Amino acid sequence: MTPSTRATHGKDTVASLRARLARLEREAAVRQRQLEHYAADLREIFKQERNRAQELRRSYKATVLALANAVEARDAYTGKHAQRVAAYGLRIAHAAGIAVDPQVEFGFLLHDIGKVAVPDAILFKPGPLTQEEFALMTAHPTIGSEILRHIDFLDDAKTVVRNHHECWDGTGYPDGLAAEAIPVHARVFAVADALDALTTDRPYREAVGWAEARETIREAAGTQFDPAIVAAYDTIPDDAFARIREGVA
Ligand SMILES: [Fe+2]
């Protein structure tokens, strides 16, 4: 190869390398644009999925509230009890460092759904219940968990519904569970439920003030209630509960 043909060959090589590089750059740019499209598509899909999930959660909550309101519509005394007690339960769980997912909150709202099976004459009886009436009344947690049996999205809610009348010392119902065998959210709920029951007028007695309710709940720590949950409740001032009640009303 002469020096001139070598120079020509060298130029060809450089030109072809440049051409190849330019082609590779074009291909890379096309691929980058494709990837950007894919990323944009994925973002859009995620956004739509998130919106759908939020919409679903809203629908679930609306359905649960409709069910809870259907139970409460019978009882003029307890108006909005489920929403108040759910809000108290969330506050107490927060103070105790216990996470509450939406399913559990649904359990708080639906805790007394089994009362749909209790006749008005028993539910609103001002005097003491006969043994049979008491048996029917105390069946409401079991009936409630049966009502929810086939609703998969309420799986965690069912333990609250079934076990919200268990006692720390094992004397509650329906399963007679004691101490930590009682699902923790049911233990939290029991305190919230008592707080609302005590501070609301009932057919058989008038409401007491926040301070008196607190005394009553403290006295039942270790017998009816989990002492650790009562201690967590005790860190929350009365006016926090008063504000929650006003917010729900
Ligand atoms: Fe109940």
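Bear in mind the structure is a predicted one, so any value in this text is a computation, not a measurement. Whatever order the structure lists them in is the order used to number ligands and atoms, beginning at 1.
Within the model, atoms CZ of Arg245 and OG1 of Thr200 stand 6.5 Å from one another, a figure rounded to the nearest 0.5 Å.
Phe106 and Val104 fall into different hydrophobic clusters, where Ile, Leu, Val, Met, Phe, Trp and Tyr residues are linked whenever their side-chain heavy atoms come under 4.5 Å apart, directly or through other members.
Residue-level check: among N/O/S atoms of Asp112, OD1 sits closest to the Fe ion (ligand 1). Summary: NE2 is the N/O/S atom of His164 found nearest to the Fe ion (ligand 1).
Under 2.8 Å from the Fe ion (ligand 1) lies no N/O/S atom of His111, from backbone or side chain alike.
With 3.5 Å as the limit, one finds no donor-acceptor pair spanning the side chains of His165 and Asp193.
At least one cation-pi condition fails for Arg218 and Phe225: the charged atom is not both under 6.0 angstrom from the six-membered ring centre and inside a 45 degree cone around its axis.
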